[in-house]
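As structure tokens, the structure follows; a few thoughts come after it.
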Amino acid sequence: MQTTRPALDLSTTIPGTMMDVPLTIHWIFQHAVNNHGAREVVTRLDDGSYFRYTYADFGKRVAQLAHALVELGVKPGDRVASFGWNSHRHLELYYAVPMIGAVLHTVNIRLFPEQVCWVLQHAGDKICFVDGSLVPAVARAMAVRSDVPMEFVVMGPTTTELPGARDYEELLAGQPETFDWPDLDERTAAILCYTSATTGDPKGVMFTHRSTVLHAYAAGLADGLAVTQRDVILPVVPQFHVNAWGVPFLAPMIGAKLVMPGSGMDPASLIDMVDREKVTLALGVPTVWLAVRDELVRRDTTLPTLKALVIGGSAVPPSLYDDLEAKGTRVIHAWGMTEMSPIGTAAAMHSDLEDATPRERRAALLKQGRFSPLVAWKVLDDEGKPVPRDGVTAGALWVRGPAVTGSYYRLDAELPVFEDGWFHTGDVCTIDELGYLQLVDRSKDLVKSGGEWISSVDLENELMGHPAVREAAVIGLPHEKWIERPVAVVALREGQSVDEPGLQAWIGERVAKWQIPDRVVFVDAIPRTGVGKFLKRELRERYKDLLSE
Ligand code: AMP
């Protein structure tokens, strides 16, 4: 990770001040092992059984893994890939890899084979740790590109053989249970995560030890995710997507029990986990909780232990908020971005709302929330002037802070999203007098379906490659199950014809099935802005009910 901060000149500091101790992940690790050694980490395995151990056991295995990594030749600064669900083994990688000075690259298991190869190569990974059940996905990726040299370590049982792969448990067996951890600068790179781009290739965000520790501190505050040692936390948000929103650091830091869902992301498995392990706090995108809500309604039951649900990644649908609150579960609406580690805001109550009507309170808590103390913000109009903080006037949101990225990994181009030490989020928002952020639009044209990004630009390019299509705009429209689904608005060339299924089939040959637009609408011409860009805002408004009709 590049940094412009000069080394501290100790000769000029005033004697008698605090110890100069780097903020590294080792702090969280040592604290969990030494002070919360008896607290449990539980993983639901693929066969539906549960594996459990304590933070003390975790500590020993992290040391064993560190020895194994060194034996495999991993050196400080090397990138090590993981391709896995949320599990205790993935948690071990989260600590052992950065604590020896290397970088854990968490690969999104939902990428296409070509994209998997692209990120592995861009990151410069030499070793990839893969869950047994995901070996087929990795094998498909490797079949695409035989020129990406990679050693594999398989975690847990698998039915598919990966030639030459090592077994995780065999690597750890017999290794010493302690490790002489190196002293690291707090600015050392720790974890690398790629985010989807509007156009072009994914972009790498590199978290440092310092940003990771600070983010965990801020996220855990009472007006943040409000985590205590008594909590039992279920991160349904994946470890391959922005560090499961920081929970793998936050829970051990506080000594909370951690429940890892593995591949059991369906509503029945999640309800089973909450019930059995007495989960008090769970986190994930709205799609997951909509499905859980429907299953609870079908069974006519509640989850009495579940005190709070953190929902983010997309806006919380008001009906979901109401249903969960009615079942006694507090909804904490949160907003963030990969580039922000990711949590930027959380919707906790403000003192001024204490005497407000329930309706006013609900309206405020349905917004994306109030800012983390480590995130500075500004909201600018088209001319770059700050907009009034009135909860009505919208503008472009810029942020800055110690857990906000200052650049993308190995991308030297000067990007307009970074300016004068600020990062342009691409979100359009209002901020009210109490400090609640509300997103009103997205300036980047991505569609977010069930927590996964779909590039509208990629789909438009494919559609416009069809001989009958003159122009095409793809927009995300509200969808009950997936929150948003892509819809294509298409104008045809004169004298040419193609119908909706025909275009869906054309696209289906070119992108993953889940990215095919749900509908194709034909128009004479697509409305445009003054500078000739498609007026997607108008299209979104015009067709807003299309998918619910
Ligand atoms: P990612 O980097 O994949 O986590 O996506 C970040 C983007 O997701 C943000 O810039 C927003 O556009 C969107 N997003 C995240 N949280 C929310 C939320 N609570 N409500 C609406 N959009 C959100």
Side-chain angles (χ1 to χ4, degrees), residues 106-111 115 119 191-198 202-207 215 219 224-225 235-247 283-290 309-318 320-321 331-348 364-372 375 377 379 394 396-399 403-405 408-409 417 423-431 436-456 475-476 478-479 482-484 536-537 540:
T106 53
V107 180
N108 186 335
I109 64 170
R110 302 212 172 98
L111 296 178
Q115 289 174 317
V119 293
I191 299 193
L192 172 64
C193 179
Y194 283 79
T195 183
S196 312
T198 316
K203 295 188 168 60
V205 178
M206 185 73 97
F207 311 101
H215 175 266
L225 309 188
V236 182
V237 52
Q239 281 182 275
F240 59 75
H241 192 137
V242 220
N243 307 334
W245 298 350
V247 172
L283 306 91
V285 295
T287 318
V288 169
W289 307 118
L290 285 167
L309 263 185
V310 180
I311 308 185
S314 298
V316 175
L320 179 64
Y321 177 94
V331 172
I332 305 177
H333 191 185
W335 162 85
M337 303 182 74
T338 306
E339 287 87 340
M340 301 175 68
S341 300
I343 294 175
T345 62
L365 298 182
L366 269 170
K367 294 186 177 185
Q368 273 74 11
R370 294 188 284 116
F371 281 89
S372 151
V375 177
W377 57 269
V379 182
L397 176 60
W398 293 74
V399 292
V404 177
T405 196
Y408 289 109
Y409 171 67
V417 293
F423 170 69
H424 181 210
T425 63
D427 287 325
V428 177
C429 72
T430 63
I431 298 188
Y436 287 92
L437 163 82
Q438 183 165 32
L439 296 204
V440 294
D441 201 359
R442 240 193 339 259
S443 52
K444 54 179 181 232
D445 290 320
L446 286 164
V447 180
K448 204 166 201 185
S449 168
E452 292 292 324
W453 289 111
I454 299 174
S455 163
S456 61
I475 49 173
H479 187 277
W482 301 110
I483 306 297
E484 244 180 37
K536 292 201 175 176
R537 203 179 288 198
R540 280 195 281 267

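Indexing begins at 1, ligand by ligand and atom by atom, following the structure's order.
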- Determine yes or no for a side-chain-to-main-chain donor-acceptor pair under 3.5 angstrom, with Gln438 supplying the side chain and Lys367 the backbone. no
- Looking only at atom types and distance, does a side-chain atom of His333 sit under 3.5 Å from a main-chain N or O of Ala315, one as donor and one as acceptor? no
Element-labelled atoms of ligand 1 that are located less than 4.0 Å from some non-hydrogen atom of [X]:
X: Trp453; result: 1 (P), 3 (O), 5 (O), 6 (C), 7 (C), 8 (O)
X: Trp335; result: 9 (C), 11 (C), 14 (N), 15 (C), 16 (N), 17 (C), 19 (N), 23 (C)
X: His333; result: 18 (C), 19 (N), 20 (N)
X: Gly336; result: 6 (C), 7 (C), 9 (C), 15 (C), 16 (N)
X: Gln368; result: 18 (C), 19 (N), 20 (N), 21 (C)
X: Thr338; result: 1 (P), 2 (O), 3 (O), 4 (O)

- Task: Output all residues satisfying ring pair (Phe, Tyr, Trp, His ring centres under 6.0 Å) with Tyr194, sequence neighbours left out; order by chain, then residue number.
- Result: His105, His122
- Check ring pair (Phe, Tyr, Trp, His ring centres under 6.0 Å) between Phe240 and all other residues, then give those that pass, not counting sequence neighbours. none
- So, do His215 and Pro342 sit near enough that their side-chain heavy atoms are less than 4.5 Å apart? yes
- Message: Using side-chain heavy atoms (C-beta onward) and a distance below 4.5 Å, is Lys203 in contact with Thr338?
- Response: no
- Message: Taking a cutoff of less than 4.0 Å between a non-hydrogen atom of the residue and any ligand atom, is Ser314 in contact with ligand 1?
- Response: yes
- Item | Proximity flag Ala334 to ligand 1, non-hydrogen atoms under 4.0 Å | yes
- Item | Option nearest atom 8 (O) of ligand 1 (shortest heavy-atom distance, choices Gln438, Lys448, Glu339) | Lys448
- In terms of ring plane angle, is the pair Tyr408 and Phe423 parallel, tilted or perpendicular, where the classes change at 30° and 60°? perpendicular
- Query: Do the rings of Trp335 and Phe371 sit parallel, tilted or perpendicular, given the 30° and 60° boundaries?
  - Reply: perpendicular
- Query: What pair of heavy atoms forms the shortest contact from Ile483 to Pro317, and how long is it?
  - Reply: CD1-CG, 3.9 Å
- Message: Heavy atoms only, cut-off 4.0 Å: how does Leu439 contact ligand 1, side chain, backbone, both, or neither?
- Response: side chain
- Note on the structure: With heavy atoms and a 4.0 Å threshold, my read on which part of Pro342 contacts ligand 1 is neither
- Message: Checking the N or O distance criterion of under 3.5 Å, is ligand 1 in contact with Ala315?
- Response: yes
- Message: Are any of the N/O atoms on Ile311, whether in the backbone or the side chain, positioned under 3.5 angstrom from an N/O atom of ligand 1?
- Response: no
